[in-house]
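Written out below as structure tokens is the structure these notes cover.
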Amino acid sequence: MLDAKLLRQNPDRMRQALSRRRESQETIDMFEQFLDEDRKWREYVAETEQLKANRNAVTQQVAQAKRNGEDAQSLIEKMRLVGDQIQALDAQIRESEQVIEDCLLRLPNLPHDSVPEGASEEENPELRRHGEAPVFSFEPKNHWDLGQLLGILDFERAAKVSGSRFVIYKGLGARLERALMNFMIDMQAGRGYEEVWPPYLVNRASMVGTGNLPKFEDDVFRVADEDFYLIPTAEVPVTNLHRDEILALEMLPINYAGFSSSFRSEAGSSGRDTRGLIRLHQFQKVELVKFTTPESSYDALEAIVEDAEAVLRALRLPYRVIEICTGDLGFKETKKYDLEVWLPGAKMYREISSCSNFEDFQARRANIRFRRTEKSKPEFVHTLNGSALALGRTMAAILENYQEADGTIRVPEVLIPYMGGVTRMGYANERI
RNA sequence: GGAGUGAUGGCCGAGUUGGUCGAAGGCGCUCGCCUGCUAAGCGAGUAUACGCUGUAAAGGCGUAUCGAGGGUUCGAAUCCCUCUCACUCCGCCA
């Protein structure tokens, strides 16, 4: 959510942002509707407040008169009418506020000046690459074939138990998932992040706080008849940890590494990535979340990218870093980098981490503030996050990059201790 | 799930026969005074949001806020309704 005052005073800044983001006409119209409603709202407010000031004054006269044992009936009669007027105006104000609030909650964030112009993901510049794509003496398999041959991924039974877009990890596959979780959390805990294991169900206010609602209702799962949503990422509960709080300056920056399952409806993506671990209704993820001062959030963003890259480097997975252009930027972000890992089976780079700065967009929605000194006014913090990493896609990358000619998978060196010393996943290990 | 109690400012805590209550008192905090230092003491101050006005900043006026929302009333922290949360007891449960 953006500052209504800023939008009112500088509407062209928003208009320009909407155009840079290639927003739909619908969104552009919504912004103009906001400006219009905001103007009306201020008129109503001025009017009703004047009436209330008058009523408050007369009310004092009534009290005074009663204390003196005088008759106040004529004053009361007059105020009865004013009361009705106020009630009618207040109702109108509430309606206006609802329209305004709804617009504000659905208007996207302003791209940072440094974000490259572009219409779509095709124009996202690649910033750098790291690691060499492995060379195979055979045709590398995709991860779902490998996983099923090894008996560590079971998509068929997952479909029976739950449905499509689910997986069951078994044996060393389950163990590898667990190893990845522990490795990634330990690694970030060693880099200054506090480990957090949040709830996987959150209330609506939390979903609105991070900007997942009201605009993206279709993307998330909701528990029937309850005010509970399955989290689409740990970002939601972890960012909302400090909702409605005023933090002391000394507490910043706050760095959390949250582990959770993530649940996504994947509405609108039917037919895409239907096989394998790339696009599931449930996957696990270690998510980095930062709360910073406004002046340090862009440095913090670079730091998050580095922390996520470090995981890929430790796992010796080839990857590249791309910067998201204005037209591909998500609803909430001012600036975003994606890390893409090389998948030999698919012969392409796939997103494995996404690191974003939201500036005060979430902080304003979730009312997360800080005070520079005890006497200074609270200011909104900046929030950021980045995946480090998505476990399912990491496993896919490991299976595809570490496969051998005989169909076995070497275990990345850093994971061997987490795998109880297992160095290779193969047919011999089937009966774990 | 059943029964009950409660929710007031940074904290504790008055106020529930509706009117002078943005809210006593205390603690904490800030500034000043005092003291050779510390402690004690004295004085002043100490919420947030929004609107209007105004400025280089500030300020001024107004409105709202006593868990949240709605209602009754000329007027609500105080009365009514709904909800949320916390605590206690019972039941159930990993």
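Atom set for the values below is all heavy atoms of this structure, side chains included, hydrogens, waters and symmetry mates excluded. So you know, we letter chains A, B, ... as the sequences are listed, proteins then strands, and number each from 1.
Look at the P atom in both rC81(B) and rG91(B): the space between them is 31 Å, to the nearest Å. Between rC79(B) and rG18(B), the two C1' atoms lie 8 Å apart (nearest whole Å). rG32(B) sits 24 Å from rG25(B) when the P atoms are compared, rounded to a whole Å. A distance of about 13 Å separates the C1' atoms of rC66(B) and rG13(B), rounded to the whole Å. Taking atom C1' on both nucleotides, rC21(B) is separated from rA14(B) by 12 Å, rounded to a whole Å. Comparing the P positions of rA7(B) and rC80(B) gives a spacing of 14 Å, expressed to the nearest Å. A gap of 48 Å separates the P atoms of rC83(B) and rA44(B), to the nearest Å. Distance check on atom P: rU72(B) versus rC11(B) gives 33 Å, rounded to whole Å.
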Determine, stepwise, if the pair Q284(A) / S261(A) fulfils side-chain hydrogen bond (donor to acceptor under 3.5 Å, both in side chains).
CA-CA 4 Å; Q284(A) 282 64 245; S261(A) 293; 2.7 Å; yes
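Checked against K335(A) for a side-chain hydrogen bond (donor to acceptor under 3.5 Å, both in side chains), the options E359(A), E323(A), H112(A) give a single hit: E323(A).
Each of rG62(B), rC74(B), rC52(B) was ranked by its minimum atom distance to the side chain of E49(A); first place goes to rG62(B). Of the listed nucleotides (rU48(B), rU63(B), rC74(B)), rU63(B) has the atom at the smallest distance from the side chain of K52(A). Nearest nucleotide to the side chain of K5(A), out of rU48(B), rG51(B), rC74(B): rG51(B). Considering only side-chain atoms of R369(A), the nucleotide from rG62(B), rA49(B), rA64(B) that sits closest is rA49(B).
In this model, the phosphate group of rG62(B) is not approached by any side-chain N or O of N56(A) to a distance below 4.0 Å at OP1 or OP2. OP1 or OP2 of rU72(B) lies within a sub-4.0 Å distance of a side-chain N or O belonging to Q87(A). At the phosphate of rG51(B), OP1 or OP2 sits under 4.0 Å from a side-chain N or O atom of R8(A). For rG70(B), the OP1/OP2 oxygens have a side-chain nitrogen or oxygen of R94(A) closer than 4.0 Å. A close approach under 4.0 Å does not occur between any side-chain nitrogen or oxygen of R55(A) and OP1 or OP2 of rC74(B).
Taking for each of A46(A) and E77(A) the nucleotide of RNA chain B with the nearest heavy atom, the 5'-most of the two is the partner of A46(A). Residues A53(A) and R371(A) each lie close to RNA chain B; by heavy-atom proximity, the contact nearer the 5' end of the strand is made by R371(A).
Rounding to whole angstrom units, CD of residue E245(A) and P of rA47(B) are separated by 22 Å. Remark: C1' of rU73(B) and CZ of R80(A) are 9 Å apart, rounded to the nearest angstrom. Rounded to whole Å, the distance from CD on E101(A) to P on rA49(B) is 16 Å. As rounded to whole Å, 18 Å separates atom P of rG51(B) from atom NZ of K40(A). We find that CG of D90(A) is positioned 16 Å from P of rG51(B), with the value rounded to whole Å. K78(A) places its NZ atom 18 Å from the C1' atom of rU73(B), with the value rounded to the nearest Å. Look at CD on E97(A): it is 12 Å from P on rC50(B), rounded to the nearest Å. Look at CE on M79(A): it is 18 Å from P on rU72(B), rounded to the nearest Å.
At the heavy-atom level, E47(A) lies nowhere under 4.0 Å from the strands shown.
The partner of rG19(B) is rC74(B), by the rule that a Watson-Crick or G-U pair needs both atom distances under 3.5 Å. Pairing for rC37(B) is absent, with no Watson-Crick or G-U wobble pair whose two atom distances lie under 3.5 Å. With both pairing distances under 3.5 Å, rU63(B) is matched to rA49(B) as a Watson-Crick or G-U wobble pair. The base-pairing partner of rA44(B), taking Watson-Crick or G-U wobble contacts with both distances under 3.5 Å, is rU30(B). Partner assigned to rG54(B) is none, using Watson-Crick or G-U wobble distances below 3.5 angstrom. Using the Watson-Crick or G-U wobble rule with both distances under 3.5 Å, rA24(B) pairs with nothing in any strand shown. For rG1(B), the paired base is rC90(B) (Watson-Crick or G-U wobble, both distances below 3.5 Å). In this structure, rU82(B) forms a base pair with rA68(B), meeting either the Watson-Crick or the G-U wobble geometry with both donor-acceptor distances under 3.5 Å.
Annotation: H281(A) is in aromatic contact with F221(A) [ring centroid separation under 6.0 Å].
Ion pair R204(A)/E217(A) flagged as a salt bridge, since at least one NZ, NE, NH1 or NH2 atom sits closer than 4.0 Å to an Asp/Glu carboxylate oxygen. Look at E245(A) and R369(A) and you find no salt bridge, because none of the NZ, NE, NH1 or NH2 atoms lies under 4.0 Å from a carboxylate O. Remark: D90(A) does not engage R94(A) in a salt bridge, criterion side-chain N to carboxylate O under 4.0 Å. The pair K285(A)-E287(A) meets the salt-bridge criterion, since a charged nitrogen lies less than 4.0 angstrom from a carboxylate oxygen.
Ring planes of H242(A) and F291(A): perpendicular class, angle over 60° (limits at 30 and 60°). Note on ring orientation: taking the six-membered ring where Trp is involved, the planes of F331(A) and F361(A) are perpendicular (angle over 60°, cut-offs 30° and 60°).
Between Q25(A) and E23(A), the side chains place no donor N or O within less than 3.5 Å of an acceptor N or O (distance only, hydrogens not considered).
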Under 3.5 Å, which protein N or O atoms sit close to an N or O of nucleotides 15-19 of chain B? Give each pair with its distance.
{"from": "rG19(B)", "atom 1": "O6", "to": "K66(A)", "atom 2": "NZ", "distance (Å)": "3.4"}

